[in-house]
Amino acid sequence: MNEFVKIVEVGPRDGLQNEKTPLTLDDRRKLILDLMQTGLSAIEVGSCVSAKWVPQMAQSDELFSSLPKDPNISFSLLTPNLKGFESALAVGCQEVAVFTAASESFTQKNINCSIDESFEKFADIMTTAKAHNIKVRGYVSCIVDCPYEGAIAPSKVAHVSQRLLDMGCYEVSLGETIGTATPDRVKKVWQACLAEMDAASLAGHFHNTYGMAIANIYQSLEQGIRVFDSSIAGLGGCPYAKGASGNVSTEDLYYLLSNMSYDTGIDLDALMIASQNITQVLQRTNPSNYANAYWQKRCA
Ligand code: HMG
Ligand code: MG
């Protein structure tokens with residue numbers, strides 16, 4: 001049997017949070033319904049953050065409530081503080097994600113507090129999450145470069161990641177937020193983290209600004225990482241990281257993994273339907289090389 005690599009689909013959150021014109025709740029829901037047909041086992045539905053800060057993610061709790069339940073899919077919501085967590089809890093969300101960074105400046109711009117203060121907020125979330133048996137995933141942004149501070153020391157990434165695990169996160173996703181990293185630098189980050197943490201508790205989250213995401217994922221696979229975040233049709237960016245492009249596309253990640261004989265549980269036809277539908281809704285070209293090659297071949 002082939003080894004399984006888990007894909008966490010973050011398009012409905014990391015992708016759509018950056019759209020200039022927010023999608024309607026109905027279009028966000030349709031995207032998730034399409035993604036539910038693909039065999040993905042983890043979908044980030046949206047974020048319970050301030051709508052003044054990120055209007056694109058408004059009513060994510062309502063969106064969550066409107067989804068049909070599926071025991072094979074974990075639907076999660078991003079929650080920066082107890083207020084966000086309580087919104088997620090109220091709609092029966094079983095998994096949330098907390099997010100901080102390895103850069104003080106980015107944390108300040110993103111969630112208006114220091115790294116230490118972010119952990120104080122997460123402590124409140126953790127206590128309530130434990131009481132309700134809710135899984136908490138952690139994110140660390142700026143694992144290689146920060147848009148405000150430049151290069152980030154791998155030891156800093158390891159330190160913040162370890163703190164999230166110690167606090168009770170079941171997994172920490174390392175975010176290469178601005179997509180400037182190359183595999184040599186990514187290797188150093190994993191080496192620093194894996195000196196202290198188990199690969200099974202870590203995930204990779206790569207943005208593709210300079211076209212390096214797949215190379216960085218290959219490097220991460222070599223280091224033993226087996227969970228990766230991606231966005232359908234390469235949607236996204238971060239509102240607090242100017243110039244950063246979308247995540248690696250789920251289509252390109254699927255192509256890499258399936259051709260390396262990893263099992264992903266993904267149904268290709270359903271993935272391509274989801275990809276085509278959201279590309280049409282947004283009326284833009286899909287940046288995924290694989291999706292484009294797939295349709296060219298199909299139409300030839
Ligand atoms: P703040 O202004 O410091 O918050 O923002 P506050 O506690 O002072 O409250 C100010 C107002 O916000 C109040 O409302 C609160 O009720 C409200 P008002 O009295 O003015 O009407 N508020 C909230 N409303 C809804 N949900 C909440 C919430 N909390 C307070 N949870 C805050 C702090 C965290 C809220 C703000 O900075 C924020 O919402 N930031 C959004 C950050 C964000 O979503 N960033 C993008 C996601 S991270 C990312 O993309 C990186 C990642 O993909 C990995 C990678 O690529 O690196 C994960
Ligand atoms: Mg991201």
Side-chain angles (χ1 to χ4, degrees), residues 8-19 22 44-62 64 76-91 93 96-103 105-115 117-122 124-125 128 136-148 152 157 160-161 164 169 171-181 186 189 203-209 213 216 228-231 234-250:
V8 177
E9 172 60 49
V10 295
R13 192 279 304 168
D14 204 357
L16 298 185
Q17 74 182 7
N18 216 38
E19 282 305 310
E44 211 169 59
V45 169
S47 17
C48 297
V49 298
S50 162
K52 282 184 199 149
W53 284 63
V54 188
Q56 295 90 336
M57 290 290 103
Q59 296 169 290
S60 288
D61 49 352
E62 204 176 301
F64 184 98
S76 60
L77 287 164
L78 209 67
T79 57
N81 52 22
L82 195 57
K83 185 177 169 75
F85 179 81
E86 279 167 351
S87 306
L89 186 64
V91 291
C93 182
V96 299
V98 295
F99 53 110
T100 186
S103 149
S105 321
F106 184 83
T107 312
Q108 202 70 51
K109 296 266 187 202
N110 195 32
I111 47 176
N112 205 24
C113 64
S114 67
I115 297 173
E117 284 163 350
S118 73
F119 275 89
E120 284 166 27
K121 292 172 201 261
F122 302 160
D124 294 338
I125 292 181
T128 323
V136 183
R137 190 177 199 234
Y139 276 110
V140 179
S141 287
C142 303
I143 62 157
V144 173
D145 286 323
C146 163
Y148 312 104
I152 297 293
V157 179
V160 177
S161 304
L164 284 167
C169 288
E171 178 177 280
V172 175
S173 173
L174 268 55
E176 209 283 273
T177 314
I178 58 173
T180 51
V186 167
V189 175
H205 177 112
F206 293 97
H207 285 260
N208 201 34
T209 317
N216 290 332
F228 296 97
D229 304 347
S230 62
S231 280
L235 298 174
C238 175
Y240 301 100
K242 259 200 167 35
S245 81
N247 296 88
V248 64
S249 66
T250 308

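The figures that follow rest on heavy atoms only: side chains count, while hydrogens, waters and symmetry mates do not. Numbering of ligands and ligand atoms starts at 1, following listing order.
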[atom]: which of [options] has the nearest heavy atom?
{"atom": "atom 1 (P) of ligand 1", "options": "Asp14, Asn112, Asn81, Asp61", "result": "Asn112"}
{"atom": "atom 40 (N) of ligand 1", "options": "Val54, Thr107, Val49, Asn110", "result": "Asn110"}
{"atom": "atom 18 (P) of ligand 1", "options": "Glu176, Lys52, Gln56", "result": "Lys52"}

Please confirm whether the backbone N or O of Ile115 pairs with a side-chain atom of Thr107, one donor and one acceptor, at under 3.5 Å?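 Here the side-chain-to-backbone pair does not exist.
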
Gap separating the CG atom of Asn208 from the OG atom of Ser249, nearest 0.5 angstrom: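 These two atoms lie 7.5 Å from each other.
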
Here the gap from Ser50 atom OG to Ile111 atom CD1, rounded to the nearest 0.5 Å, amounts to 13.0 Å

Would Lys83 and Asp124 count as a salt bridge (Lys or Arg N to Asp or Glu O under 4.0 Å) if you check the C-alpha gap in whole Å, the side-chain angles of each, and the deciding distance to 0.1 Å? CA-CA 10 Å; Lys83 185 177 169 75; Asp124 294 338; over 6 Å; no

Ligand-residue contact atoms, ligand 1 with Gly84, heavy atoms, under 4.0 Å: 31 (N)

If you count the atoms of ligand 1 from 1 in the order shown, which ones are under 4.0 Å from a heavy atom of Leu78? 47 (C)

List the atom of Cys169, the atom of Val98, and the distance in Å for their closest heavy-atom pair. SG-CG2, 4.0 Å

Which bit of [X] gets closer than 4.0 Å to ligand 1, counting heavy atoms only: side chain, backbone, both or neither?
{"X": "His207", "value": "side chain"}
{"X": "Ser50", "value": "both"}
{"X": "Arg13", "value": "side chain"}
{"X": "Cys48", "value": "backbone"}

By ring-ring contact (aromatic ring centres under 6.0 Å, His included) - contacts of Phe206 (at least two apart):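 With sequence neighbours excluded, Phe206 shows a ring-ring contact (aromatic ring centres under 6.0 Å, His included) to no residue whatsoever.
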
If we ignore angles and hydrogens, is there a donor and acceptor under 3.5 Å between the side chains of Thr250 and Glu9?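 Short answer, yes.
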
Counting backbone and side chain alike, does Asp229 bring an N/O/S atom below 2.8 Å of the Mg ion (ligand 2)? no

In Asp14, the N, O or S atom nearest to the Mg ion (ligand 2) is which?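 This turns out to be OD2.
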
Closest to the Mg ion (ligand 2), among the N/O/S atoms of His207, is atom NE2

Tell me every residue that passes side chain to side chain donor-acceptor pair (under 3.5 Å) with Thr180, counting only those two or more places apart in sequence or in another chain.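 Residues passing side chain to side chain donor-acceptor pair (under 3.5 Å) with Thr180: Asp145.
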
Tell me whether the centres of the aromatic rings in Tyr139 and His205 are closer together than 6.0 Å. yes

Short N/O distance, under 3.5 Å, between Ser47 and ligand 1? no

